[in-house]
Amino acid sequence: MSFTRYLKVLLCLVAAVASGFVAVAGLVRRAVPGLGQAAIVAGDMYRSSAQASQFWFLIVLWSAACAGFAWLAWCIYRS
């Protein structure tokens, strides 16, 4: 395996862990920030009690991102 392949695997794993952390933290806190940078800075959160559909959409989105990055890391590692 070359160095660039290891780097790609590492970056994909970091992205998978980060997106998984956002999904799990959102479930624990029952609030997820929006996708824009302004929402993160302003502190706008989608709460499971007030905006249930947006909250669950973002949880599913971050979970899918986690699974996608983990799959991509595995494919790069195996190639």
Side-chain angles (χ1 to χ4, degrees):
M1 239 184 187
S2 67
F3 175 74
T4 57
R5 218 148 128 209
Y6 279 123
L7 186 61
K8 288 178 186 177
V9 170
L10 179 66
L11 288 175
C12 286
L13 288 176
V14 167
V17 168
S19 56
F21 175 76
V22 171
V24 170
L27 286 172
V28 170
R29 292 182 302 179
R30 302 263 192 241
V32 175
L35 293 176
Q37 291 178 350
I40 295 170
V41 171
D44 294 337
M45 303 287 268
Y46 290 109
R47 307 212 179 275
S48 63
S49 58
Q51 301 101 351
S53 61
Q54 292 93 340
F55 171 79
W56 285 109
F57 171 76
L58 288 171
I59 292 295
V60 169
L61 181 77
W62 285 114
S63 300
C66 177
F69 280 121
W71 175 77
L72 188 60
W74 178 253
C75 288
I76 292 171
Y77 175 75
R78 297 292 293 165
S79 65

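Numbering of residues begins at 1 and proceeds along the displayed sequence.
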Can you give the donor-acceptor pairs under 3.5 Å from side chains of residues 55-72 to other protein atoms, not counting sequence neighbours?
unit_1: Ser63; atom_1: OG; unit_2: Ile59; atom_2: O; d: 2.8

Would you be so kind as to tabulate the donor-acceptor pairs closer than 3.5 Å made by side chains of residues 25-33, with sequence neighbours excluded?
unit_1: Arg29; atom_1: NE; unit_2: Ala25; atom_2: O; d: 3.4

- Treating Ile, Leu, Val, Met, Phe, Trp and Tyr as nodes and any side-chain heavy-atom pair under 4.5 angstrom as an edge, say whether Val22 and Leu35 lie in one connected cluster. yes
- List in chain and number order the residues that pass side-chain hydrogen bond (donor to acceptor under 3.5 Å, both in side chains) with Thr4, two or more places apart in sequence or in another chain; answer none if no residue qualifies. Ser2
